[in-house]
Novice: 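Here it is: the structure, laid out below.
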Amino acid sequence: MRSVGVLLLTAFAFACVVNAFGRTPVESYIANRQTSIDSYIANQSPIAKLGLLANIGPDGSKSSGAKAGVVIASPNTVDPNYLYSWIRDASLTFKVIAEKVVSGEDTSLRGKIDQFFESQKRLQQVSNPSGTVSTGGLAEPKFNIDETAFTGSWGRPQRDGPALRATTFILYANWLIANGNITWVTRNLWPVLKLDLDYVQNNWNRSTFDLWEEINSSSFFTTAVQHRALREGATLAQKLGQADVISGYNTQAANLLCFQQTYKNIARGYFTANTGGGRSGIDSNTILTSIHLFDPTAGCDAATFQPCSDVALSNLKVYVDSFRSIYAINNGFAANEAVATGRYPEDPWYLSTFAVAEQLYDALIVWEQQQRINVNATSLTFFRQFIPNLATGSYAASTSTYSTLVTSVKNFADGFILINAKYTPSDGSLAEQYTRANGSPLSARDLTWSYASALTAFAARDGFIPPSWGASGLTVPSSCAANPVPTVSVTFNVQATTVFGENIFLVGSVSELRNWSPDNAIPLSSASYPTWSVTVDLPGSTIVEYKYIRKNGNDVVWASDPNWRWETPASGSATLNDNWR
Ligand code: NOJ
């Protein structure tokens, strides 16, 4: 163990190194850092709250036409048109509102949650391109703001939606129960909630579009939020006497927790965001996972990716560092200072930069509770940003190392808020993104989720402790079991006359039909020409869209519109007989 004197000297020497870089851009912009962050938050908090409420129907000032309880993503209608309601954005928005209600900060918002509940209950029943309430429609990512189905092509399904919605309602349900409303919860809320939880239980290991709606595979955020929903769903079911679902939810929760560990990229110190997609996998998907799964009763547990866990801190460093050299606005910062971050290497987003701050504030909450910081080989690189010669060990609150680390991490976290502050226009409005070149707002204006992310980051800085969702004391099963998804064997026959060199292929809307990728299309056999044929295993009870294409060398010709659309049976086999058109 090194002496306190050496540690102080190290911290002092390190401070000199930081000063040697001169004033960072953010520090030049804001002379008095502490006053500035406090005044930014004091100014921005009410703006963010009003901005969020303005985007909720029926009376939000920027959401006219939205039904009661419907959250618009943004009032922007052109480039991009965000005047839709995404289940993810809406659920995360109402999680913030529910937290304000259950913490007693603003119980006047309760009526809005009731409207949200009624709206989601109706939406669950709206048949849409992903299916009906019982055949996959619960994972439809977005709806029109009058609660009708959005029928354009989109990255669907997105299976984080039902889980996020369930988490928001469980938060509300637990508060209602604590306030004597168990009967209402059992009669009204539980049936709606159960649809989502059953959906998660039965579909978690099917492929999904990620939260950025681009990659169709398995996704860390989706897996993690599904895990959380089933755990807290099982606990709520117990309270409500719904014993029949508990073991099913817990069984699949254990499988999800097991699967969650498989995203770990040990060699490179981060969690890969998606199993597909071909990118590095460094993605704010993982930072959002950490803050969404925050449960202080679990301490710094690595299996549930708690904000102060070694793996989540290591992951945060890799993620933040990946943005240092790719944005002009990040030039000139010391290697241990906050910078603007995005979803993955593209333009910076307010919500991803706020999320980094939030993870760090959450970590500080737990270290304060534990009165200790543990540094191990996995988290060492993260902590060495602040004390370059730091050794692994357990640093109690009485040590100067603990104080230096806490102060440094707090400053680091504040830095991310200040970066967003720097690029917040004077009216406080928060768009979706800002440019990497000069930080001017970009893409959808007044993004509801940007406002929500500001509010949760500010709350974490204030020490807000969310209710536990049951992350404490979980054990990862020694081997992961998949939840078998029923499949059906489907034979596709199409009558098509072809010329020499031409062949017929099949593509469609699910991964088994190659997600519309002509390069990966499934070849059909011409053994019974002019009938071309192939048999494919597809998930049961699922609406699929598909098309045949003809290829001749590099020439690709698609059958004419519309797509063929069909719902697979629950089990068994089926044959489809089509004619080329
Ligand atoms: C695009 C984002 O990638 C997605 O996560 C979000 O749900 C929608 N915009 C709406 O905000």
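Numbering of ligands and ligand atoms starts at 1, following listing order. Residues: numbered from 1 along the sequence shown.
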Novice: Is there at least one pair of N or O atoms, one from Asp89 and one from ligand 1, spaced under 3.5 Å apart?
Specialist: yes

Novice: Got a salt bridge between Asp295 and Arg228, using NZ or NE/NH1/NH2 to carboxylate O under 4.0 Å?
Specialist: no

Novice: Could you tell me whether Glu214 and Arg343 make a salt bridge, using a distance below 4.0 angstrom between a side-chain N and a carboxylate O?
Specialist: yes

Novice: With Phe271, which of Tyr319, Phe221, Phe305 fulfils ring pair (Phe, Tyr, Trp, His ring centres under 6.0 Å)?
Specialist: Phe305

Novice: Mind checking whether Lys142 has a heavy atom under 4.0 Å from ligand 1?
Specialist: no

Novice: Any carboxylate oxygen within less than 4.0 angstrom of a Lys/Arg side-chain nitrogen, looking at Asp160 and Arg88?
Specialist: yes

Novice: Does Arg88, backbone or side chain, put an N or O under 3.5 Å from an N or O of ligand 1?
Specialist: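 Between Arg88 and ligand 1, an N or O pair is found under 3.5 Å apart.
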
Novice: May I ask you to check whether Asp519 and Ser517 show a side-chain donor-acceptor distance below 3.5 Å?
Specialist: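 Note: Asp519 and Ser517 side chains miss the donor-acceptor criterion.
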
Novice: Should the pair Asp59-Lys112 be classified as a salt bridge under the 4.0 Å nitrogen-to-oxygen rule?
Specialist: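 Looking at Asp59 and Lys112, the cut-off is met.
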
Novice: In ligand 1, which numbered atoms sit nearer than 4.0 Å to a non-hydrogen atom of Glu213?
Specialist: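 Contacts of ligand 1 toward Glu213, numbered from 1: 1 (C), 4 (C), 8 (C).
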
Novice: Mind checking whether Glu214 has a heavy atom under 4.0 Å from ligand 1?
Specialist: no

Novice: With atoms numbered from 1 as shown, which atoms in ligand 1 lie under 4.0 angstrom from a non-hydrogen atom of Leu211?
Specialist: 3 (O), 4 (C), 5 (O)

Novice: What atoms in ligand 1 come closer than 4.0 Å to a heavy atom of Trp449?
Specialist: 5 (O)

Novice: Using distance alone, decide if ligand 1 has a nitrogen or oxygen within less than 3.5 Å of any nitrogen or oxygen in Leu447.
Specialist: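 Min N/O separation from ligand 1 is not below 3.5 Å for Leu447.
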
